[in-house]
2 protein chains.
Amino acid sequence: MLTISRVAAYAGVTVRAIRHYHEIGLLPEPVRDRSGYRTYDAAAIVRLIRIHTLADAGVPLARVQELLDAGPDEFAAGVREIDKNLRAEIRRLRGTRQRLAGLAAGDRLALPRCVLDYLDRLRALGVDERQIEAERDGWILVAAQVPDQIDAVIAQKHEDLDNPDVVELYLLLNDALDWPPDDPRVVEIADIVERLMIRAVQSGEAGPDAITDSFATLLDAAMLESSPGAARLLAILEDRGWKGWTRIEKFPANRLDPAMTGDDA
Amino acid sequence: MLTISRVAAYAGVTVRAIRHYHEIGLLPEPVRDRSGYRTYDAAAIVRLIRIHTLADAGVPLARVQELLDAGPDEFAAGVREIDKNLRAEIRRLRGTRQRLAGLAAGDRLALPRCVLDYLDRLRALGVDERQIEAERDGWILVAAQVPDQIDAVIAQKHEDLDNPDVVELYLLLNDALDWPPDDPRVVEIADIVERLMIRAVQSGEAGPDAITDSFATLLDAAMLESSPGAARLLAILEDRGWKGWTRIEKFPANRLDPAMTGDDA
DNA sequence: TGCGGGGTTGACGCGGCGTCAAGGTCAAGC
DNA sequence: GCTTGACCTTGACGCCGCGTCAACCCCGCA
């Protein structure tokens, strides 16, 4: 008597697969003997072999029946479509491999090379690693948001770094990391920042186009989270009429030229 | 406030994906506001972007955490392994495509070309399509069982067909399909078959090596199922001392040469 | 009578979410 | 104050092709 395991062996499939085909109606349930065993005939093996041949060639089980019953034309059409899907899947995997290679090549932090170079420059200037990490996270956000403008934005940042004030600011912030939040020296930092902001406003810089208001707000929030003293600094600046950090804005029209006078609030 | 959908938009993932990452512990659950909404911070977006970058490059979610925490060497090793898997998967799919192309080229019945050619020859001899289908199913079984010997077996069958007795037998069986099971002419068929069997035994043919006894039994059963008169035919032959059909065997040593004498049982 | 190697059904697991159901919440417009 | 529509919540099933238990029955042999 042909039991399920012998049928499986003849057809080159597993017992479990046969039961699965029964479950989904691809292979009719055979009659049972008195103890409930399935008893097959040779025709079942033939059908199994044909199912297995198709399945092994990538035909989804849901379409096997249809293809077994098809005439030559429908069969060819079905095969073409399945092959199209296989090709698409292979393309997808190749794309995945490309991205994986990109990871290996350096952007495992979700950052393009130019940003990594920029961060290296900061590192070379002596900027503290903690600050670089905060900076890096900011750039991860930006790069995800405007991936095709990131090069231009970074180029601008490199220019900024040619300004000694900017470098001094970074180094001051370096020290500020260990200050208590109410350290009076924060005011010095505010002075430098304000000077830079004024220059930026005067030269008409507006930041990258695609940075929306809400995204700028997000970046500001990220900056606030990154350091305990950041809130103080922003508060002082806001007192002097500056709003935002990512996107510079002077908000009341009054007190237009307090440059270089220090904190007089 | 950063809701889940805004975070999803910033990170370029779906809301459902974020919840999934929470479920599997890849992204920590953030605090909730008073109405139960998750409230995120910018750091969560950064982590999400990094998760997404890895996942998109084919890193299984189960390994993302590990790679996020890894140093450069472990990271590189992990990436290499994942890439190996991707390559293997692509190879697998290419193999699948090959098999699919094979299907399209003709063996959609799970039969190699040489068997199809053989069946075409039978068809050309005037063998009935019903008989060819039975024959075909038998060959599907054989081809699945001994795929690398099928060419040799078929070559032997082609030689057999050069014998006019064999052709006559096929054509007689053609007619026999419509005979009632107890038609006396079955004896004529038995005579021819016996003649052929004797010749086969004398020339020392033994059938393909890899055909085991149990498989021969299966093929005999398949032959029995294929036609109602087959049982009669086998019964007559067995009466004359012949056992089996697929594998020819003379079983009692007595009555060694009843050739061409007809049914004397 | 026990054992070892069959068979049976039923259920969960995998991977990475998509998608639906059945609600509670929020901001805005009437 | 009420409705509307967009968004949030949890919970659950679905996909695809089986692999892999678990718990139990059946058969032949020593």
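Chain identifiers are assigned alphabetically (A, B, ...) following the order of the sequence lines, protein sequences preceding nucleic acid strands; residue numbering begins at 1 within each chain.
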Enquirer: Kindly compute the distance separating CG (B:L111) from CG (B:D117), expressed to the nearest 0.5 Å.
Expert: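 The distance works out to 11.0 Å.
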Enquirer: Considering only heavy atoms of chain B and a distance under 4.0 Å, specify the first and last nucleotide of DNA chain C in 5' to 3' order that meet this criterion.
Expert: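 From 5' to 3', the first and last contacting nucleotides are C:dG16 to C:dC26.
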Enquirer: Using a cut-off of strictly less than 4.0 Å between a heavy atom of the residue and any atom of DNA chain C, enumerate the qualifying residues of residues 80-98 of chain B by number.
Expert: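 Of all residues in residues 80-98 of chain B, none places a heavy atom under 4.0 Å from DNA chain C.
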Enquirer: Using a strict 4.0 Å threshold on nitrogen-to-oxygen distance, state whether A:E133 and A:R130 make a salt bridge.
Expert: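 A:R130 and A:E133: not salt-bridged.
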Enquirer: So, the side chain of A:E225 versus the backbone of B:A42: is there a donor-acceptor pair under 3.5 Å, distance only?
Expert: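 At least one qualifying donor-acceptor pair exists.
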Enquirer: Would B:E81 and B:K84 satisfy salt bridge (charged side-chain N to carboxylate O under 4.0 Å, His left out), going step by step from the backbone distance to the final call?
Expert: CA-CA 5 Å; B:E81 198 205 326; B:K84 188 159 62 80; 5.7 Å; no
Enquirer: Please state whether the phosphate of D:dC8, meaning OP1 or OP2, lies under 4.0 angstrom from any side-chain nitrogen or oxygen of B:T3.
Expert: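 Answer is yes, contact under 4.0 Å.
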Enquirer: Could you state the atom-to-atom distance from CZ of A:R19 to P of D:dG19 in whole Å?
Expert: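 So the two atoms are 11 Å apart, to the nearest Å.
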Enquirer: Any heavy-atom pair between the side chains of A:W245 and A:L233 that's under 4.5 Å?
Expert: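 A side-chain contact under 4.5 Å exists here.
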Enquirer: So does B:T246 get a backbone contact from the side chain of B:D220, meaning a donor-acceptor N/O pair under 3.5 Å?
Expert: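 Yes; judged by distance alone, with no hydrogens or angles, the pair exists.
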Enquirer: Measure the spacing between CG of A:D137 and CZ of B:R47 and express it to the nearest 0.5 Å.
Expert: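 Here the interatomic distance stands at 11.5 Å.
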Enquirer: If I take atom CG from residue B:L2 and atom CZ from residue B:R38, how far apart are they, to the nearest 0.5 angstrom?
Expert: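 With rounding to 0.5 Å, CG (B:L2) is 14.0 Å from CZ (B:R38).
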Enquirer: In whole angstrom, give the distance that lies between atom CG of A:L61 and atom P of D:dG17.
Expert: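 Between P of D:dG17 and CG of A:L61: 4 Å.
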Enquirer: Quick one: side-chain hydrogen bond (donor to acceptor under 3.5 Å, both in side chains) partners of A:D33, sequence neighbours excluded?
Expert: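 So A:D33 forms a side-chain hydrogen bond (donor to acceptor under 3.5 Å, both in side chains) with A:S35.
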Enquirer: Nearest whole Å is fine: how far is D:dG11 P from B:H20 NE2?
Expert: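 That distance rounds to 16 Å.
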Enquirer: On DNA chain C, compare the nucleotides closest to B:P60 and B:R16; which residue's is nearer the 5' end?
Expert: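 On the 5' side of the pair lies B:P60.
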Enquirer: Donor-acceptor pairs under 3.5 Å, side chain of residues 50-57 of chain A to any protein atom, not counting sequence neighbours: which ones?
Expert:
{"from": "A:T53", "atom 1": "OG1", "to": "A:I49", "atom 2": "O", "distance (Å)": "2.7"}
{"from": "A:D56", "atom 1": "OD1", "to": "B:R99", "atom 2": "NH1", "distance (Å)": "3.3"}
{"from": "A:D56", "atom 1": "OD2", "to": "B:R99", "atom 2": "NH1", "distance (Å)": "3.1"}

Enquirer: Parallel, tilted or perpendicular: which describes the rings of B:Y118 and B:W139, with under 30° parallel and over 60° perpendicular?
Expert: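 Aromatic pair B:Y118/B:W139 classed perpendicular.
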Enquirer: Where do N or O atoms of nucleotides 2-4 of chain D meet protein N or O atoms at under 3.5 Å, pair by pair?
Expert:
none

Enquirer: For the pair made of CE in A:M1 and P in D:dC26, what is the distance, rounded to whole Å?
Expert: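 Between P of D:dC26 and CE of A:M1: 14 Å.
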Enquirer: Is there a side-chain contact between A:T14 and the phosphate of D:dC18, meaning an N or O under 4.0 Å from OP1 or OP2?
Expert: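 For A:T14, the contact criterion (side-chain N or O under 4.0 Å from OP1 or OP2 of D:dC18) is not met.
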Enquirer: Keeping A:N85 on the side-chain end and A:A88 on the backbone end, is there a donor-acceptor pair under 3.5 Å?
Expert: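 No; judged by distance alone, with no hydrogens or angles, the pair does not exist.
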Enquirer: Where the side chain of B:D41 meets the backbone of B:A44, is there a donor-acceptor pair that is under 3.5 Å apart?
Expert: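 Yes, B:D41 side chain to B:A44 backbone: donor-acceptor pair under 3.5 Å.
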Enquirer: Please give me every residue in residues 23-58 of chain A whose heavy atoms get under 4.0 Å of an atom in DNA chain D, ordered by residue number.
Expert: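 Residues of residues 23-58 of chain A under 4.0 Å from DNA chain D: A:R34, A:S35, A:Y37.
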